[in-house]
Amino acid sequence: MPEGHTIHRLAGALDAGFGGQRVRVSSPQGRFEEAAQLERWVLARTEAAGKHLLITFTPDAQSDPEGPAARIVHVHLGLYGSWTFAGDPGFALAGAIGAPRLRVGEREEALAGSTRAVESSAGADGSADEDGAEPGWRAILPRPTTRLRLQGVSGLADLTGPTACELYDSSQRDALLQRLGPDPLRADADPQRFVDRVLGSRTTIGALLMNQEVIAGVGNIYRAEVLFRARLDPFVPGRELSAGIVRGIWDDLVPLLRYGARTGRIVTTQPEHRDIEARIVERSRGTLQNGEEHPDAVARERSFYVYHRQTLPCRICGTEIRSRDLAARTVFWCPRCQSVRSRRSPWTAQHPAGPWADPAGQAGDPGGRSDTGDAGPASAAAPAQIA
DNA sequence: ACCGTATGTGAAC
DNA sequence: TTCACCTACGGTG
């Protein structure tokens with residue numbers, strides 16, 4: 001159940017695992033029959049735009065990914081879609097924190113601990129090339145529901161349950177990018193487009209944040225959480241907000257989403273607002289790198305201020321968190337902290353360098369890519385500064 | 001076995 | 001505003 005951070009993370013994982021490679025492309029389930037057209041094409045690059053994933057294939061390594069021969073697979077995970085990775089140790093998520101994982105998108109579990117990964121009896125299934133090299137991994141059997149399988153020399157990725165998995169041409173890609181609002185995780189994002197849309201709308205800020213034409217990539221968790229961090233009532237119409245408040249929401253989302261893309265999990269609570277135990281790393285499932293925070297360091301139940309915390313006391317004031325339908329989804333908020341009366345400048349305005357800053361060398365725009373690439377565990381090192 | 005739920009979207013009413 | 005859709009999993013019977 002992904003928001004935009006997951007899709008950027010996936011884009012990085014697919015590029016790391018298959019980028020530049022000739023790959024096997026199939027639809028074990030049969031519901032994406034166009035997969036056959038791409039069999040043994042080259043996965044040129046993967047791009048995330050909001051919650052949309054665009055995987056560009058070319059017939060050979062020399063072809064221009066922007067050229068007319070390129071084909072694009074458009075994937076939207078919807079509520080249920082997920083990718084499952086299997087392959088060499090660290091495959092696709094090499095450089096990620098902790099152990100290699102399965103099931104990016106909906107849930108992640110340790111590769112070694114998976115009991116669902118049925119190994120094929122023929123180890124040669126893992127071979128994607130014809131050079132006779134023995135793969136160091138074994139292909140798992142696809143579930144019957146696997147819509148799309150990508151298989152390279154060092155691993156595979158299975159897609160199940162997507163809302164969309166279809167072939168796009170470049171004009172369809174352009175139309176999609178045109179339709180979407182700015183994505184805080186993309187280098188080409190224009191925050192002013194978001195600010196202008198919000199300030200010009202009578203719709204509530206809580207609904208606007210869920211509208212992908214207003215801002216791309218925010219989902220139900222980030223909506224609730226960023227509004228709490230701004231101490232903003234979800235039901236305030238956009239036009240009643242100041243430009244500074246709206247820009248502050250954007251500026252807060254950037255490091256929050258980057259953190260999510262980098263670690264694979266959403267954490268929005270300030271350390272001082274978590275319970276004391278939360279600062280203790282209960283257990284370690286891998287070697288920490290460069291003193292980086294282990295993703296398990298913040299237990300899920302301490303990661304949010306309001307999401308799914310209805311009836312629980314607010315972490316700040318103790319008032320009972322409320323929930324209510326807004327824009328077809330349930331919004332969660334603290335009626336006291338997020339009342340109009342207590343509205344103030346967002347948290348980032350006071351603390352420009354929060355704990356969500358990327359550790360040095362961990363993330364940044366590797367250049368040449370249209371997305372920020374911070375999802376990419378294997379993305380090039382470049383210091384990413386928070387404005 | 002069945003039910004409810006889930007970080008989503010878009011078409012139909 | 002309601003509904004259908006794509007899937008997996010935990011709880012309940």
Side-chain angles (χ1 to χ4, degrees), chain A residues 1-10 27-32 48-53 73-84 101-109 113-118 140 142-149 158-166 172 175-176 179-181 183-185 203-204 206-228 234 253 256-261 263-269 295 298 300-301 303-310 323-333 375:
Chain A
M1 286 138 313
E3 300 190 27
H5 69 296
T6 303
I7 311 308
H8 282 263
R9 180 173 173 79
L10 277 167
S27 179
Q29 178 197 51
R31 289 188 54 186
F32 180 51
K51 300 169 190 169
H52 299 257
L53 189 66
V73 175
H74 169 242
V75 173
H76 195 294
L77 293 179
L79 255 182
Y80 320 113
S82 72
W83 288 85
T84 299
R101 289 154 195 278
L102 286 178
R103 206 149 279 297
V104 174
E106 185 171 10
R107 178 174 319 163
E108 297 176 332
E109 55 189 63
S114 171
T115 54
R116 305 198 66 102
V118 182
I140 58 174
R143 288 170 181 251
T145 54
T146 301
R147 185 79 57 88
L148 169 65
R149 163 168 284 200
D158 282 349
L159 169 67
T160 58
T163 282
C165 177
E166 57 196 340
Q172 288 170 296
L176 173 68
R179 174 171 71 81
L180 291 174
D183 174 349
L185 285 179
T203 305
T204 62
L208 287 166
L209 284 171
M210 292 293 276
N211 183 344
Q212 301 299 300
E213 297 180 11
V214 173
I215 183 168
V218 173
N220 208 26
I221 295 180
Y222 282 114
R223 161 176 79 167
E225 294 297 308
V226 81
L227 287 174
F228 179 89
L253 281 168
L256 246 31
L257 284 160
R258 278 190 184 156
Y259 178 92
T263 66
R265 47 179 69 200
I266 302 175
V267 176
T268 61
T269 46
V298 184
R300 182 183 171 88
E301 60 269 25
S303 299
F304 307 139
Y305 282 109
V306 292
Y307 179 75
H308 270 196
R309 296 195 77 241
Q310 70 277 27
S323 66
R324 193 181 133 184
D325 275 3
L326 174 56
R329 310 298 297 282
T330 306
V331 71
F332 307 86
W333 83 104

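Heavy atoms only: backbone and side chains are in, while hydrogens, waters and symmetry mates are out. Since this is a predicted model, take the numbers as computed values, not measurements. A, B, ... follow the sequence lines: proteins, then strands. Residue 1 opens every chain.
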Task: Among B/dT9, B/dT7, C/dA8, the nucleotide that comes nearest once only the side chain of A/I266 is considered - done: B/dT7
Open item on the list: Nearest 0.5 Å, please: how far is OG1 in A/T145 from CD in A/Q29?
Closed with: 6.5 Å
Task: Main-chain N/O of A/Y222 paired with A/E3 side-chain donor or acceptor, under 3.5 Å - done: yes
Open item on the list: Looking at the base of C/dC6, is there any donor atom on it, or on the side chain of A/T163, that sits under 3.5 Å from an acceptor on the other one?
Closed with: yes
Task: Side-chain N or O of A/H308 closer than 4.0 Å to phosphate OP1/OP2 of B/dT7 - done: yes
Open item on the list: Expressed as a whole number of angstroms, how long is the span from A/M210:CE to B/dT7:P?
Closed with: 8 Å
Open item on the list: Give me the stems containing DNA chain C, sorted by first residue, counting only three or more consecutive Watson-Crick or G-U pairs with both distances under 3.5 Å; say none if there aren't any.
Closed with: B:1-6 with C:7-12, B:8-12 with C:1-5
Open item on the list: Say we look at B/dG4 and C/dA4: how far apart would their P atoms be, to the nearest angstrom?
Closed with: 15 Å
- [ ] Please report, rounded to the nearest Å, how far the P atom of C/dC6 is from the NE2 atom of A/H52.
- [x] 18 Å
Open item on the list: Within the 4.0 Å heavy-atom criterion, would you say A/E225 contacts the bases, only the backbone, or no part of the nucleic acid?
Closed with: nothing
Task: d(CZ, A/R223; C1', B/dT9) in whole Å - done: 14 Å
- [ ] Please state how far atom CG in A/L10 lies from atom P in B/dT7, giving the value in whole angstrom units.
- [x] 18 Å
Open item on the list: Using atom P in both nucleotides, what's the gap between B/dT5 and C/dC3 to the nearest angstrom?
Closed with: 15 Å
- [ ] With rounding to the nearest 0.5 Å, note down the distance linking CZ in A/R258 to OG1 in A/T263.
- [x] 14.0 Å
- [ ] Measure from the side-chain heavy atoms of A/H5 and tell me the nearest of C/dC9, B/dG8, B/dT7.
- [x] B/dT7
Open item on the list: Mind checking if A/R329 touches a base, just sugar-phosphate, or nothing, with heavy atoms under 4.0 Å?
Closed with: base
Open item on the list: For A/R179, is the CZ atom crowded, meaning more than 12 foreign heavy atoms sit under 6.0 Å from it?
Closed with: yes
Task: Backbone N/O of A/L159 and side chain of A/R147: donor-acceptor pair under 3.5 Å - done: no
Open item on the list: Regarding A/Q310 and A/S323, do their side chains bring together a donor and an acceptor under 3.5 Å, going by distance alone?
Closed with: no
TODO: Ignoring the backbone of A/T145, work out which of B/dT7, C/dA8, B/dG8 is nearest its side chain.
DONE: C/dA8
TODO: Tell whether A/Y80 reaches the base of C/dA8 with its side chain through a donor-acceptor pair below 3.5 angstrom.
DONE: no
Task: Phosphate-side-chain proximity, A/K51 and B/dT7, N/O vs OP1/OP2 below 4.0 Å - done: no
TODO: From the options B/dT7, B/dG8, C/dA8, select the nucleotide whose nearest atom is closest to the side chain of A/Y307.
DONE: B/dT7
Open item on the list: Measure NE2/A/H8 against C1'/B/dT7 and give the value in whole Å, please.
Closed with: 15 Å
- [ ] Check whether any side-chain N or O of A/H76 sits under 4.0 Å from OP1 or OP2 of B/dT9, and answer yes or no.
- [x] yes
Task: Distance, P atom - from B/dA12 to C/dC6, rounded to whole angstrom - done: 15 Å
- [ ] Find the distance A/L209:CG to B/dT7:C1' and express it as a whole number of Å.
- [x] 14 Å
Task: A/L79 CG - C/dC3 C1' separation (whole Å) - done: 14 Å
TODO: Can you tell me the distance, in whole Å, between the CZ atom of A/R143 and the C1' atom of C/dC9?
DONE: 10 Å
- [ ] Report the residue from A/I221, A/L227, A/V306 that forms a side chain to side chain contact (heavy atoms under 4.5 Å, CB included) with A/F332.
- [x] A/V306
Task: Euclidean distance for P, B/dT9 against C/dC9 (whole angstrom) - done: 22 Å
Task: Phosphate OP1/OP2 of C/dC6: any A/Q29 side-chain N/O under 4.0 Å - done: no
TODO: Nearest 0.5 Å please: distance from the CD atom of A/E225 over to the CG atom of A/L209.
DONE: 12.5 Å
TODO: Please answer whether the main-chain N or O of A/V218 pairs with a side-chain N or O of A/K51 as donor and acceptor at a distance below 3.5 Å.
DONE: yes
Open item on the list: With a 4.0 Å cutoff (strictly under), does any side-chain N or O of A/R9 reach OP1 or OP2 of B/dT7?
Closed with: no
Open item on the list: C/dC5, OP1 or OP2 - any side-chain N/O from A/R147 closer than 4.0 Å?
Closed with: no
